[in-house]
Amino acid sequence: MSGTFVGMPAFPKAAHEAVGNTTLRANLRHATHTIRDKRAKAVAELDDWALLREAGKQIKDHTLRHLDTYLVQLEEAVTAAGGVVHWAADADEANRIVTRLVKETGESEVVKVKSMATQEIGLNEALEAAGIAAYETDLAELIVQLGHDRPSHILVPAIHRNRGEIRDIFTKEMGAWGRPAPEGLTDTPAELAEAARLHLREKFLRAKVGISGANFMVAATGTLVVVESEGNGRMCLTLPETLISVVGIEKIVPTWRDLEVFLQTLPRSSTAERMNPYTSMWTGTSDSDGPQTFHLVLIDNGRTDTLADEVGRQALRCIRCSACLNVCPVYERAGGHAYGSVYPGPIGAILSPQLRGTASEIDASLPYASSLCGACYEVCPVAIDIPEVLVHLRERVVQGGEVTRRGAKVTLKPAKGHAGERAAMRAARWAFTHPAALATGQRLAARTRRFHPRMLPGPGRAWSATRDLPQVPAESFRDWWQRTHGSKESGK
Amino acid sequence: MRVALFLTCVNDTLYPDTGRAVVKLLTRLGVDIDFPMGQTCCGQAHYNTGYRHEAEPLARKFSDVFGEYDAIVTPSGSCGAMVRELYPRMGERARAEGRGDGLAATLAPVVPKTYELTEFLVDVLGVTDVGAYYPHTVTYHPTCHGLRSLGLGDRPYQLLRAVKGLDLKELPGAQECCGFGGTFAVKNSDVSAAMAEDKVRNAGSTGADVLCAADNSCLMHLGGTMSRLHTAMRPVHIAEILASTQEEPLS
């Protein structure tokens, strides 16, 4: 994934910093609670939400099961409509293709519609290295780009910033990228939006190349769909001469009719709107209307490998609505950067370790970045059982096992650093399969209770740093039962 | 009906009062409850930390110990959810790994017979007024697995509302996780502690003197936080409140 995230510390370490940052926590708390409450209201308006959720799940599962068929169908339809389809196995290949396509136009700058796929592959950095300036045109992405920052949310990448911080970024940085911020810019939302509008308008009118992702691709007709709120996407998709769309292979729906489900569930789940303000659809090219050259770059980048995992593959149903981030108590406190990926929050915790593998410290820690409270599953509009996948990936981390990497089966060794835990789990399992041993342990703990330390050693220190331990009682229930009901026949 | 108490290893070891309360309560309601001495742990901590293969023998043992009973009652939403939601999944995974139907067949009998305490009272015994008396201001935290995995819904509230003398206060942000999450509390200690502090603060804002839940693991985490923050509030398991009567009040 994006090179900007390489070298991230493991989740608990990154989260430690975030939890201590009171401004960040206040920004996140305010934003997530606002969106969360609005979403709940927008969803409650639909009597058939549960049916829509099930339909979305089934459409996605069906498409994933027959992805090979639909991809071929899509390629044929896009080609027939005048587009050119390119296949990229990984991030490097995708970046090489896009860079070449831009260079072939002779241009050295591009405007971009907000796209998770291009962030995932680190396209902006790759273009910059090739001397091409990529301008983000989504307001929040612009804030992140001008602030030399990283996105921390799928839908609201600058969620970690407040108005004052945004004003400072605009004032300081806009001039270096194009039209400077107006004199005396204040932090009122209307003024900030107007400053961004003026700054971006110059870029829309000048750019000859646009780069986008897509929320959906309709296999039957080769149509790509982008849903957005600001209209910047519509500008980028219609004004440039060349349009390059970079899309993950899992974004297919079979027919236009399937869109009906997602065009209801996506806006309500993400922005809590009944319908998003702009839905742009394009099918190849058409004479004298919109871009005259259209390229579709289909990226795999770990998706086929993920598809091979029967528990984990449900993560590919994700429509990137970010509802799971907004309800996640862990995301709310740790912030998006702690996840070390462009996909933060619960979905990131299951998607990143599958797309990238669990070899790095951060990826091995992500499946544990959850209390398994289940709020993410409850709100997911395509019913991804995120807790189930988290536990499945935890198994992969601690026990190793067979996974698919670049199409081949490989056997992973257990991750390092879990040997002590593994031994403890084994010992606990032994004690728990021998009730007499458990009873002996309980009696020993009860007898020594006066000597128990208030601070625990080893990994337990993390507990006793912030919480007091309960006192071990003088008598376990088991012993009490034996003493008071012992004569009675007591099962096994 | 032969009813077994599945107390859970945490309650057995650290919270025997909750077990005694369940026995007292169910006996008062005319249920002859047994405590099979062979019981230990459902395997949830193993399973949820990624040690599914270590959890399997514990699940088999659970089935072996409890299989002969007509109903299995547990004062833990979390352990109840392990049996009801995750045992079937363990069976499916074993099948998917080409190990046959053995595990699924072994575990299947106990799954539908396992009830969390408030489910057993409301759904099986059909009572909401258990004759309890508890003159305190109480706020209820619906723990995640009770809320989302088991879908306990209104049952605990129905039971608490029927308790004489009890003043029930609504908990702001009730559906948010307290931050315990088993090994999460240790592996992601900072986030876990921040979540607990917010929960304790929300509970404090209700003016209640008791924070009630149907899971002692969450209460241990919250109680430990209250103790560290020196709050006056006490954590109490719902079984202990329901067992409390005018003649024999909860000590």
Side-chain angles (χ1 to χ4, degrees), chain A residues 11-12 15-16 19-20 25 310-311 329-330 333-334 367-375 377-378 388 391 393-399 421-422 425-426 428-429 431-433 435 438 442 445 459-460 462-463 465-470 472-473 475-478 480-482 485 488 490-492, chain B residues 4 7 9 11-17 19-20 34-41 43 45-54 57-58 61 64-65 68 89 96 144-145 148-149 175-177 179-182 184-196 220-221 223-225 227-228:
Chain A
F11 184 85
H16 171 77
V19 167
R25 266 181 74 183
E310 69 177 290
V311 177
V330 177
R333 287 159 184 94
Y368 292 94
S370 165
S371 65
L372 304 180
C373 83
Y377 176 36
E378 195 174 55
E388 181 187 23
V391 170
L393 294 173
R394 289 176 184 189
E395 264 185 67
R396 185 175 296 175
V397 170
V398 299
Q399 297 191 332
E421 178 184 273
R422 201 173 304 120
M425 286 288 174
R426 238 171 247 162
R429 191 260 295 142
F432 286 141
T433 41
L438 175 63
Q442 285 171 337
W463 174 278
T466 49
R467 290 149 290 201
D468 289 331
L469 285 161
V472 175
E475 186 182 42
S476 71
F477 179 86
R478 177 179 305 272
W480 173 81
W481 179 270
Q482 189 70 38
H485 297 69
K488 196 171 139 182
S490 252
K492 293 186 188 182
Chain B
L7 187 57
C9 54
N11 288 327
D12 178 12
T13 309
L14 293 173
Y15 299 99
D17 287 346
R20 285 194 280 268
D34 191 12
F35 178 82
M37 291 295 283
Q39 67 177 281
T40 54
C41 165
H46 292 80
Y47 184 91
N48 279 346
T49 312
Y51 298 88
R52 177 164 54 95
H53 296 297
E54 299 288 344
L58 300 176
K61 181 163 181 60
D64 182 38
V65 170
E68 63 186 80
R89 195 169 285 169
C144 300
H145 290 166
R148 299 193 185 90
S149 303
Q175 305 208 342
E176 286 168 32
C177 177
F180 175 60
F184 173 78
V186 175
K187 284 178 182 280
N188 279 289
S189 176
D190 295 301
V191 178
S192 165
M195 287 161 71
M220 172 176 74
H221 170 68
T225 307
S227 161
R228 189 61 62 92

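In what follows, chains carry the letters A, B, and so on, assigned in the order in which the sequence lines appear, proteins first and then strands, with residues in each chain numbered from 1.
- Distance alone, capped at 3.5 Å, places no donor-acceptor pair between the B:Asp190 side chain and the A:Ala15 backbone.
- Shown here for A:Arg478 and B:Thr40, the closest heavy-atom pair between the two residues is NH2-CA, 4.3 Å.
- For the atom pair CG of B:Asp17 and CZ of A:Phe477, the computed distance is 10.5 Å after rounding to the nearest 0.5 Å.
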Checklist entry - Could you walk me through whether B:Tyr47 and A:Val391 pass the side chain to side chain contact (heavy atoms under 4.5 Å, CB included) check? => result CA-CA 8 Å; B:Tyr47 184 91; A:Val391 170; 3.7 Å; yes
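- Here the side chains of B:Lys187 and A:Pro12 are not in contact, with every heavy-atom distance at 4.5 Å or above.
- Looking only at heavy-atom pairs under 4.5 Å with chain A, the residue among B:Cys41, B:Gly181, B:Cys9 that has the most is B:Cys41.
- For A:Arg467 (side chain) and B:Ala196 (main-chain N/O), no donor-acceptor pair under 3.5 Å exists by modelled atom type.
- The candidate from A:Ala431, A:Ala428, A:Gly374, A:Pro473 with the greatest count of non-hydrogen atom pairs under 4.5 Å with chain B is A:Pro473.
- Here B:Thr49 is the residue among B:Thr49, B:Asn11, B:Leu14 with the most heavy-atom pairs under 4.5 Å with chain A.
- Within the 4.5 Å cutoff, the side chain of A:Thr433 has heavy atoms near those of the B:Leu58 side chain.
- Interface remark: A:Val330 contributes backbone and side-chain atoms alike to the contact with chain B (heavy atom separation under 4.5 Å).
- Just one residue in the list A:Arg422, A:Glu421, A:Arg426 forms a side chain to side chain donor-acceptor pair (under 3.5 Å) with B:Tyr51, and that residue is A:Glu421.
- The shortest non-hydrogen separation linking A:Ala369 to B:Phe184 is C-CE1, 4.3 Å.
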Item to check | Test side chain to side chain contact (heavy atoms under 4.5 Å, CB included) applied to B:Arg148 and A:Tyr377, step by step | outcome: CA-CA 9 Å; B:Arg148 299 193 185 90; A:Tyr377 176 36; over 6 Å; no
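- To the nearest 0.5 Å, the span separating CZ on A:Arg429 from NE2 on B:His53 amounts to 12.0 Å.
- Both the backbone and the side chain of B:Glu54 come within contact range of chain A, judged by heavy atoms closer than 4.5 Å.
- For the pair A:Ala465 and B:Arg228, the tightest heavy-atom approach, listed with the atom from each and the gap, is O-NH1, 3.0 Å.
- Across all non-hydrogen atoms, the minimal contact from A:Ser371 to B:Met195 is OG-CE, 4.1 Å.
- With chain A as partner, the option from B:His221, B:Arg20, B:His145, B:Gln175 having the largest number of non-hydrogen pairs under 4.5 angstrom is B:Arg20.
- A:Glu395 contributes atom CD, which lies 10.5 Å from atom CG of B:Asn48 (distance to the nearest 0.5 angstrom).
- Counting heavy-atom pairs closer than 4.5 Å to chain B, the top-ranked of the candidates A:Thr466, A:Leu469, A:Val311 is A:Thr466.
- Looking only at heavy-atom pairs under 4.5 Å with chain A, the residue among B:Leu7, B:Val186, B:Asn188 that has the most is B:Asn188.
- Of the listed residues (B:Ser189, B:Pro57, B:Ser149), the greatest number of heavy-atom pairs within a distance under 4.5 Å of chain A belongs to B:Ser189.
- The parts of B:Arg52 that come within reach of chain A are both its backbone and its side chain, each placing non-hydrogen atoms under 4.5 angstrom from that chain.
- The parts of A:Leu372 that come within reach of chain B are both its backbone and its side chain, each placing non-hydrogen atoms under 4.5 angstrom from that chain.
- Taking the side chain as every heavy atom from C-beta outward, B:Met220 and A:Trp463 approach each other to under 4.5 Å.
- Considering only heavy atoms from C-beta on, B:Asp34 comes within 4.5 Å of A:Trp481 through its side chain.
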